[in-house]
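Structure in structure tokens, see below.
Within every chain, numbering begins at 1; the chains are lettered A, B, ... in the order of the sequence lines, protein sequences first and strands thereafter.
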2 protein chains.
Amino acid sequence: MMIEGYVKATGTGSTDGVEQALSMMRSASQLVRLLDAYFANHNLSQLKFLVLVVIDREPETDSLRQSEINQRLDVSKPVLHRTVSSMLSAGLLVRTQDNEDSRAHQLALTDAGKTALRAMLPDYFKIITEFMEGER
Amino acid sequence: MMIEGYVKATGTGSTDGVEQALSMMRSASQLVRLLDAYFANHNLSQLKFLVLVVIDREPETDSLRQSEINQRLDVSKPVLHRTVSSMLSAGLLVRTQDNEDSRAHQLALTDAGKTALRAMLPDYFKIITEFMEGER
DNA sequence: CTTATTTGGTTATCATGGTAACTAAAGTCA
DNA sequence: TGACTTTAGTTACCATGATAACCAAATAAG
């Protein structure tokens, strides 16, 4: 960017901090783009991947309510709703009635969901690791 | 996130690199969120702000073609088109016919555009600097 | 127990990013 | 010069994020 020149002109904030921040945002968005492309290749998205992860990694149980997923992932209710719906249609999740609350449902991974997650993980980490090596 | 636990399980990639990357993406997205909120308060967006910056900082001239803005900012043509249209309606930019190419137009800041930019810069840097101090 | 509040989930609408496909003007080249 | 390619800008459509407003069930308060 050419934003840096402003910092001195306005006299607000430290040049270093701003440069670091801009460089960090640039790196992060590059990496996010790489990962998004990878997810798209697998007919997924960041958020769908995280939904799989968050259910899979739950220690005591193998299913969660939508609201519980919402608490774990920083995303709005409508977006999660839409994403979960799409994942149900795609056969990655199954939904069963919640025993304790008739408004709620439990969401669990299907075999396809588990398989998809397992298939993505190695290259997910590989992409990140290689990117970070390139950054150094 | 709880992704870290997978790294060892899959044996792909370095735990450190992945943790750094996830932490970087978290920080970047927090900062982006702060900045987006700031822009929204001023009826702008990241991209609109950058369009103002990129025209303002042009050394030889005070106007640019849409395609030139496109080369400087990493954004698709349709998105830039939409954004520029909106900024024209909002009175932040003016468009004049290009002398050399009858398909093209020159885009320049209006006084309102210049004022808006000047008004935003100090706090823009302040937000970034303060965020970076908090990160250390 | 009835009313009021909170919670789980959904719908509608908007903002901002992308790609594909198109028009028209400009530039290339045989 | 006429045909081909590139470039500037636009349109149509999709994906993914958000907020506001809503229903119905559960919970709290009187």
Side-chain angles (χ1 to χ4, degrees), chain A residues 25-26 28-52 63-90 92-93 95-107, chain B residues 25-26 28-52 63-90 92-93 95-107:
Chain A
M25 288 191 286
R26 233 175 349 254
S29 98
Q30 278 172 31
L31 178 50
V32 166
R33 203 172 298 195
L34 280 178
L35 291 174
D36 279 347
Y38 177 59
F39 290 131
N41 276 344
H42 291 252
N43 293 306
L44 284 182
S45 67
Q46 278 272 6
L47 180 54
K48 287 176 185 173
F49 177 72
L50 289 175
V51 169
L52 294 177
S63 69
L64 286 175
R65 287 189 190 169
Q66 192 171 304
S67 57
E68 292 173 315
I69 301 176
N70 239 312
Q71 287 157 15
R72 286 161 179 71
L73 300 179
D74 179 31
V75 71
S76 67
K77 286 196 294 178
V79 168
L80 184 59
H81 172 69
R82 189 210 287 146
T83 303
V84 163
S85 300
S86 148
M87 293 174 78
L88 288 168
S89 310
L92 298 168
L93 298 180
R95 195 165 87 145
T96 54
Q97 189 60 48
D98 189 288
N99 297 327
E100 267 126 46
D101 190 328
S102 75
R103 295 167 302 176
H105 307 268
Q106 292 286 332
L107 297 164
Chain B
M25 288 192 286
R26 229 172 356 251
S29 98
Q30 277 171 32
L31 178 50
V32 166
R33 204 171 296 195
L34 280 177
L35 292 174
D36 280 347
Y38 177 59
F39 291 130
N41 277 344
H42 291 252
N43 291 308
L44 284 182
S45 66
Q46 277 273 4
L47 180 55
K48 287 175 185 172
F49 177 72
L50 289 175
V51 169
L52 295 177
S63 69
L64 285 175
R65 288 188 189 169
Q66 191 171 303
S67 56
E68 292 173 315
I69 301 176
N70 239 311
Q71 287 157 15
R72 286 161 179 70
L73 299 180
D74 179 32
V75 70
S76 68
K77 288 196 292 178
V79 168
L80 183 59
H81 172 70
R82 189 212 289 146
T83 304
V84 163
S85 300
S86 148
M87 293 174 77
L88 288 167
S89 311
L92 298 167
L93 299 180
R95 194 165 86 146
T96 54
Q97 188 61 47
D98 187 289
N99 297 327
E100 268 127 43
D101 190 328
S102 75
R103 296 166 302 176
H105 307 268
Q106 292 286 332
L107 297 164

*Integer-rounded Å distance: C/dG8 C1' and A/Gln71 CD*: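 Rounding to the nearest Å, CD of A/Gln71 and C1' of C/dG8 are 11 Å apart.
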_Shortest non-hydrogen contact between B/Leu88 and B/Leu93, atoms and distance_ =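 Looking at all heavy atoms of both residues, the closest pair is CD2-O, 3.4 Å.
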*Would you find a donor on one side and an acceptor on the other, under 3.5 Å apart, between the side chain of B/Ser86 and the backbone of B/Arg82?*
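Not confirmed, B/Ser86 side chain does not pair with B/Arg82 backbone.
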*Nearest-Å distance, CD (B/Gln97) to P (D/dG9)?*
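Value for this atom pair: 10 Å.
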*Using a cut-off of less than 4.0 Å, is there contact between a side-chain N or O of A/Thr83 and OP1 or OP2 of D/dT16?*
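No, because none of the side-chain N or O atoms of A/Thr83 sits under 4.0 Å from OP1 or OP2 of D/dT16.
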*asked:* Using side-chain heavy atoms (C-beta onward) and a distance below 4.5 Å, is A/Arg72 in contact with A/Leu64?
replied: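 Yes, close enough: below the 4.5 Å cut-off.
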_Considering every strand and a 4.0 Å limit on heavy-atom distances, what is the contact class for A/Ser45: base, sugar-phosphate, or nothing?_
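Contact class for A/Ser45: sugar-phosphate only.
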*asked:* So B/Gln66 and B/His81, do their side chains get closer than 4.5 Å, heavy atoms only?
replied: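 Heavy-atom side-chain distance check passes, below 4.5 Å.
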*Thinking salt bridges, do A/Asp74 and B/Arg33 make one under a 4.0 Å N-O criterion?*
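Counted as a salt bridge, because a side-chain N and a carboxylate O are separated by less than 4.0 Å.
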*Taking CG from A/Leu80 and C1' from D/dG17, how many angstroms apart are they, rounded to a whole number?*
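After rounding, the gap between these two atoms is 12 Å.
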Protein-nucleotides 10-13 of chain D N/O pairs closer than 3.5 Å?
residue, atom, partner, partner atom, Å
D/dT10, OP1, B/Arg95, NH1, 2.9
D/dT10, OP2, B/Gln66, OE1, 3.3
D/dT10, OP2, B/His81, ND1, 2.4
D/dT10, O5', B/His81, ND1, 3.3

*Measure the distance from CD on A/Glu100 to P on C/dG8 and round it to the nearest whole Å.*
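So the CD-P distance, A/Glu100 to C/dG8, works out to 13 Å.
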Which pairs, protein N/O on one side and nucleotides 4-6 of chain C N/O on the other, fall under 3.5 Å?
none

*Any idea which heavy atoms bring B/Met87 and B/Lys48 closest together, and the distance?*
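Closest pair (atom of B/Met87, atom of B/Lys48, distance): CE-O, 3.4 Å.
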*To the nearest 0.5 Å, how far apart are CG in A/Asp101 and CG in A/Asn99?*
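Here the interatomic distance stands at 10.5 Å.
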*Using modelled atom types only, decide if a donor and an acceptor are shared between the side chain of A/Gln46 and the backbone of A/Leu35 within a distance under 3.5 Å.*
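Such a contact is absent between A/Gln46 side chain and A/Leu35 backbone.
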*Let me know the distance between CG of A/Asp98 and P of C/dG8, rounded to the nearest Å.*
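Distance, rounded to whole Å: 10 Å.
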*asked:* Output the rounded distance in Å from CG (A/Asp36) to C1' (C/dG17).
replied: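 So the two atoms are 10 Å apart, to the nearest Å.
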_Interatomic distance, A/Asn43 CG vs D/dA15 P [rounded to whole Å]_ =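 Answer to the nearest Å: 11 Å.
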*To the nearest Å, give me how far apart CG (B/Asn70) and P (C/dG18) are.*
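B/Asn70 atom CG is separated from C/dG18 atom P by 10 Å.
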*For the pair A/Ser89 (side chain) and A/Ser85 (backbone), establish whether a donor and an acceptor sit closer than 3.5 Å, ignoring hydrogens and angles.*
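Present.
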*Pick base, sugar-phosphate or nothing for B/Ser102, based on heavy-atom distances below 4.0 Å to the nucleic acid.*
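Result for B/Ser102 = sugar-phosphate.
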*What nucleotide among C/dA26, D/dG9, C/dG8 has an atom nearest to a side-chain atom of B/Asp101?*
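Of the candidates, C/dA26 comes closest.
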